[in-house]
Trainee: 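Quick one: the structure is below, and I'll ask about it shortly.
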Number of protein chains: 2
Amino acid sequence: MGEVGTKGVPRAERERQILDVATDAFGRKGYAAVSIASVAAEAGISKPLVHGYFGTKDGLFAACVRRAGGQLAEAIEEVLARPGDTAAKVEQTLRAVFTVLEPRPYVWNTVFDRTLPPEGEAAEAALAVRARIADQAERGVAEALAAAGSADPLDRAALTEVWVSAVTALVNWWLRHPEQSAEQMVRRSRLLMRTLSTGS
Amino acid sequence: MGEVGTKGVPRAERERQILDVATDAFGRKGYAAVSIASVAAEAGISKPLVHGYFGTKDGLFAACVRRAGGQLAEAIEEVLARPGDTAAKVEQTLRAVFTVLEPRPYVWNTVFDRTLPPEGEAAEAALAVRARIADQAERGVAEALAAAGSADPLDRAALTEVWVSAVTALVNWWLRHPEQSAEQMVRRSRLLMRTLSTGS
DNA sequence: ATGAATTGACTTTTGAGTAACTTACCTAGA
DNA sequence: TCTAGGTAAGTTACTCAAAAGTCAATTCAT
């Protein structure tokens, strides 16, 4: 256990390991409830190494959120860039999100963590990623609303928020039913979205 | 400031004040990110008084969640007890939830806090309230799903979560646009719910 | 043999929880 | 109506544990 000295693991690989463990922990329990020591233990290394590579806890979180946000935003962007009607895009966006999230469903909650300290690098990074995702969502939402006959910017802002929140809810439900595949989640989401409108 | 001795505020009222402040803080930042000291400061009293009334931090959270859960469950129950078809109930439930959540939108986040320590009174109380609300919502949701051709209990559970989460998002949006009336919000919600299904 | 990887053993800060004291209110008896 | 004393409300000043962050020493790969 207590062996000192290098183990021959290059920094890049070790950083990836740490980010994997930390993202999972942050997403499960939230920023405040995660200790650097527990992350280090889970990764099989010592606390100072984490600090050596990522500086502060804030820095570690920021790194997690930037990587996660990059993966998510990229997948969504790819869908939006493709041609197609609104119906297709909604479904493809859902599929993209669930597919990216499938191996690490906690990524989403990391980005939308509410327990961050209001100041600092972590909060800034999270806000940036959220803004990017909200911006992407708004583009898709605008189309759908136009089809429904509304061009009201208030409608657009509200629906964007509802949409993001609905995805969050689906992801959290998924976390408690990990046996579901991404494809099952897409199919289920389609049914649920359709049902939401029956009462109206 | 540092005046010692009683200020003549009876225990019941002080407890209510503390619960108000604590529920808001827990709902905003999550269990782990809230300190007893900050709650006490915000309530204008000292830390030991909070401990004297609620024991541990776990006990304080449990008290918050029980009160919050009671308020929510009661309002929903009242709507469900009234006769009417699915469409009417959806709309009435929306109206009821908006009304209950308006003065304290963070109540929902408190009940569904993910940063709770897995063991202890707080987690138990939260689970109990979640189960109660989920059970109520599921009754309403089951009807709508039946109309859409699904009797899958997993669908029901997931939709319940999505639905309440969507409503919460609407409430949070509403707080940032207070010029909107409750009736406008109900109408807007109807449009948004309908639009959500365009893709399917 | 140089530098990157890595840790043990610190210091410091923060926050939960407690002990012991102080003050105000309220009622029973004179 | 006045006062003695019990009880409820409240604080200051601590203890203790956990967790953030630092430093200097150590080992391995090239």
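Protein chains get the first letters and strands the later ones, always in sequence-line order, with residue 1 at the start of each. As the structure is a computational prediction, the values presented were derived from the model and not from experiment.
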Trainee: Check step by step if side-chain hydrogen bond (donor to acceptor under 3.5 Å, both in side chains) holds for A:Q17 and A:R14.
Mentor: CA-CA 5 Å; A:Q17 287 176 2; A:R14 197 57 105 187; 2.8 Å; yes
Trainee: Could you tell me whether B:V34 contacts a base, only the sugar-phosphate backbone, or nothing, with contacts defined as non-hydrogen atoms closer than 4.0 Å?
Mentor: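 Sugar-phosphate, no base atom in range.
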Trainee: Under 4.0 Å, counting only non-hydrogen atoms across every strand here, what does B:L49 touch: a base, just sugar-phosphate, or nothing?
Mentor: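 Base contact.
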Trainee: Checking only heavy atoms, does the side chain of B:K47 share a donor-acceptor pair with the base of C:dA16 at less than 3.5 Å?
Mentor: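 Present.
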Trainee: Side chain of A:R11, heavy atoms from C-beta onward: which of C:dG17, C:dT7, C:dA5 has the nearest atom to it?
Mentor: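 Minimum distance to the A:R11 side chain belongs to C:dA5.
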Trainee: With a 4.5 Å cut-off on side-chain heavy-atom distances among I, L, V, M, F, W and Y, is there a chain of contacts connecting B:Y106 to B:I133?
Mentor: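 In one cluster with B:Y106: B:I133, no.
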Trainee: Do the side chains of A:R66 and A:F61 get nearer than 4.5 Å, heavy atoms only?
Mentor: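 Not in contact.
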Trainee: Of the nucleotides D:dA20, D:dT22, C:dT6, which one has an atom closest to the side chain of A:V9?
Mentor: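 Nearest listed nucleotide: C:dT6.
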Trainee: D:dT11, C:dA5, D:dA9: which one has an atom nearest the side-chain heavy atoms of B:Y53?
Mentor: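 Among the listed nucleotides, the one closest to the side chain of B:Y53 is D:dA9.
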Trainee: Which nucleotide in the set C:dT7, D:dA20, D:dA9 lies at the smallest distance from any side-chain heavy atom of A:H51?
Mentor: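 Nucleotide nearest to A:H51's side chain: D:dA20.
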Trainee: Regarding A:S165 and B:S165, do their side chains bring together a donor and an acceptor under 3.5 Å, going by distance alone?
Mentor: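 Yes, because at least one side-chain N or O of A:S165 sits under 3.5 Å from a partner of the opposite role on B:S165.
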Trainee: Using a heavy-atom cut-off of under 4.0 Å over every strand shown, decide if A:S35 touches base, sugar-phosphate, or nothing.
Mentor: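 A:S35: backbone/sugar contact only, no base atoms under 4.0 Å.
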Trainee: Checking contacts here: which listed nucleotide (C:dT6, C:dG17, D:dA20) is nearest the side-chain heavy atoms of A:K57?
Mentor: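 Ranking C:dT6, C:dG17, D:dA20 by closest atom to the A:K57 side chain puts D:dA20 first.
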